[in-house]
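Here's the structure we're looking at; comments come further down.
Because only heavy atoms are used, hydrogens play no part in the values below, and waters and symmetry mates are left out as well, while side chains stay in.
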Amino acid sequence: MKYFLLKYPLEKLFHGSLPKYYHQLRKVHLIGMICTLCCCTDFVEIDAPKNTLVSETVFQDAATVESALANLYYNLREGGMTSGTYGMTTVMGIYTDELDYYGFGADYLQFYQHNVLPINGIVSDWWSQAFQLIYATNDIVQGVRASTELSSMEKNRFEGEALFVRAYLYTLLVNLYGDVPLVQTTNYLDNNNVARSNQDSINNQIMEDLERSILLLNSMEPVSTEKIYPDEYTVKALLARHYLRSGNWERAVTISSELINLFPMESDLNKVFLKDSKETIWQLKADNDFPKNTREAQQLIIQAVPSQTYALSNDFMNAFEPGDQRLMNWTRSISDQDSTVTLYYPYKYKAGINALESFEYSVLFRSTEQVLIRSEAKARLGELEGALADVNLVRSRAGLSNLIAHSQEDVLEAILHERRMELFTEQGHRWLDLKRMEKAEEVLGDIKANWKNTDLLLPIPENELELNPNLLPQNPGY
């Protein structure tokens, strides 16, 4: 497969530092510049690495646009906030009460100890990668709309996927950083000096992107049976999540109900995270070569003690009710040679990274989350009986008895607990739930010695502020 290089150095597209995996692209781009100066064509066609972004010249051919989109999904899986190695699953796990951290990385220790600095490398890389991918989605949207060769169906699909990815990234950015730049163009000179937009403006753009994406992808035949390409149901899953976080309870109930009917919950807990799970709505495919399974398993399964990096916290393990089958099926324990130390780790993803066959992909959206979204939305609307019925669906699969609650507060507490036990170590759900339900200080204030109310937002990366003062002021507390 051939790729085409961007016209501009990526450093200029966004003013911050680039993640390590973009360094190779910089070298390739310099070769392209030299060839251009020697009267070659504007773009150089080469066999590029998987992490190469593409320019608008690809948009006359469906296969190369496919490559551009595949590139987005590859980068979502391998770097940034959604990565199973460097992303929210582990980092926000140690930021909350899910995971203990045993490593020595200064950036990770800052998260674990709630002493995050604006120079933190994770904070910077998440920001940088997100905006690089947002730039790429803008490029795809712009290029596809201008294409004279793509069919209407191809245009609809490509633009719909790109708009979804842009909206998805912005939902993460605004929840982590608060006010962030709203970038919708590929004009790097403007982007270099862009100011931060308020969260209401960003949320409005997220809604606009998602609604247009659904319109474009509506009733389109799936590209793959593996659920590795976002379709209209993926967009609706994000929309239901966004409605819940923004307080549009009625719409959250409507959309989640549709998805629950289309993607029934797996009855067997051990099938939930298999690549052919019927409850998966969208997942990131493992590599055909390496790894054939998930980075999550690589990061979270403890091979020996002492050599662990993460382990489930005692606080989390003690939250399991007697008889909860998720404890039996989704966690494992390991002890040191003397059996003096026993640690627990997540075992949702079970296939090791060196397995020769693909069994599991990284799940980003699944229908059990939609059941819990509907449950909470109903509870907020005062429909307590229906809310409890949904919670009890999830509890029943876990082998637990039905709950009986008599007040809205009791039901919401039950939902928060069930989300904790069901969605642990999945893309930072715990942190986003504590923040959304205004429980962060109550829960973390007692277990994180350096907790401050300003920890509800991460700092804007210091290197970004130095290069673009229009991003000021810094978030409070930093």
Quiz prompt | Inter- and intrachain pairs under ring-ring contact (aromatic ring centres under 6.0 Å, His included), touching residues 450-473, at least two apart | solution = His114-Trp451

Quiz item: Under a 4.5 Å cut-off applied to non-hydrogen side-chain atoms, are Leu176 and Met88 in contact?
Solution: yes

Quiz item: Do Leu216 and Arg157 come within less than 4.5 Å of each other through their side chains, counting heavy atoms only?
Solution: no

Practice problem: Would you mind listing every salt bridge (Lys or Arg N to Asp or Glu O under 4.0 Å) that reaches into residues 79-89, with sequence neighbours excluded? | Solution: none

Exercise. State, without any angle test, whether Gln113 and Asn450 hold a side-chain donor-acceptor pair at a distance under 3.5 Å.
Key: no

Practice problem: State yes or no: are the ring centers of Phe273 and Trp330 separated by less than 6.0 Å? | Solution: yes

Quiz item: Quick one: side-chain contact (heavy atoms from CB on, under 4.5 Å) partners of Ser224, sequence neighbours excluded?
Solution: Glu226, Ile228, Tyr229

Exercise. May I have all residue pairs that pass salt bridge (Lys or Arg N to Asp or Glu O under 4.0 Å) and include part of residues 162-183, sequence neighbours excluded?
Key: Arg166-Asp209

Self-check item: Non-neighbouring partners of Asn470 that pass side-chain contact (heavy atoms from CB on, under 4.5 Å), sequence neighbours left out
Solution: Asn193, Ala195, Asn468

Exercise. Apply the test salt bridge (charged side-chain N to carboxylate O under 4.0 Å, His left out) to residues Lys452 and Asp455: give CA-CA distance (whole Å), side-chain angles for both, the deciding distance (0.1 Å), then the verdict.
Key: CA-CA 5 Å; Lys452 307 176 294 299; Asp455 292 350; 3.4 Å; yes

Self-check item: Glu161 versus Tyr73, side-chain donor and acceptor atoms under 3.5 Å
Solution: yes

Practice problem: Would you please test Ser257 and Arg374 for side-chain hydrogen bond (donor to acceptor under 3.5 Å, both in side chains) and show each step? | Solution: CA-CA 7 Å; Ser257 295; Arg374 187 173 70 179; 3.2 Å; yes

Quiz item: For Phe424, is the NZ or CZ atom of Lys348 found under 6.0 angstrom from the centre of its six-membered ring and inside 45 degrees of the ring axis?
Solution: yes

Self-check item: The single option from Lys271, Arg366, Lys227 passing salt bridge (charged side-chain N to carboxylate O under 4.0 Å, His left out) against Glu279
Solution: Arg366

Self-check item: Side chain proximity check, Arg295 to Ser83, heavy atoms < 4.5 angstrom
Solution: no

Quiz item: Taking atom types as modelled and ignoring hydrogens, do the side chains of Asn204 and Ser201 form a donor-acceptor contact shorter than 3.5 angstrom?
Solution: no

Quiz prompt | Check: Val123 and Pro459 side chains under 4.5 Å, non-hydrogen atoms | solution = yes

Could you tabulate the donor-acceptor pairs under 3.5 Å formed by side-chain atoms of residues 167-174, not counting sequence neighbours?
residue: Tyr170; atom: OH; partner: Pro181; partner atom: O; Å: 2.8
residue: Tyr170; atom: OH; partner: Val183; partner atom: N; Å: 2.7
residue: Thr171; atom: OG1; partner: Tyr168; partner atom: O; Å: 2.6

Exercise. Please report the shortest heavy-atom distance between Ile140 and Phe59, naming the atom on each side.
Key: CA-CZ, 3.5 Å

Practice problem: Decide yes or no on salt bridge (charged side-chain N to carboxylate O under 4.0 Å, His left out) for Glu98 and Arg420, but give the supporting numbers first. | Solution: CA-CA 9 Å; Glu98 283 189 337; Arg420 182 186 189 187; over 6 Å; no

Quiz item: For Met153, does the CE atom have more than 12 heavy-atom neighbours from other residues, nucleotides or ligands under 6.0 Å away?
Solution: no

Self-check item: Side-chain donor-acceptor pair present, Thr425, Glu296, cut-off under 3.5 Å
Solution: no

Self-check item: Test ring-ring contact (aromatic ring centres under 6.0 Å, His included) applied to Phe359 - qualifying residues, sequence neighbours left out
Solution: none

Self-check item: Residues in side-chain contact (heavy atoms from CB on, under 4.5 Å) contact with Asp231, at least two apart in sequence or another chain
Solution: Tyr233, Thr234

Quiz item: Is Glu357 salt-bridged to Lys292, going by a charged N under 4.0 Å from an acidic O?
Solution: no

Exercise. Using side-chain contact (heavy atoms from CB on, under 4.5 Å) as the criterion, list what pairs up with Lys155, not counting sequence neighbours.
Key: Val144, Ser147, Leu150

Practice problem: Using a cut-off of 6.0 Å, state whether more than 12 heavy atoms not belonging to Ile119 lie near its atom CD1. | Solution: no

Practice problem: Decide whether Thr85 and Gln299 meet the rule of one side-chain donor and one side-chain acceptor closer than 3.5 Å. | Solution: no

Quiz prompt | Pairs where residues 245-261 contributes a residue and the test salt bridge (Lys or Arg N to Asp or Glu O under 4.0 Å) is met, not counting sequence neighbours | solution = Lys236-Glu258

Practice problem: Please name all residues satisfying ring-ring contact (aromatic ring centres under 6.0 Å, His included) with Trp249, sequence neighbours left out, ordered by chain then number. | Solution: none

Exercise. Please list, chain by chain and in numerical order, all residues satisfying ring-ring contact (aromatic ring centres under 6.0 Å, His included) with Tyr108, sequence neighbours excluded.
Key: Tyr101

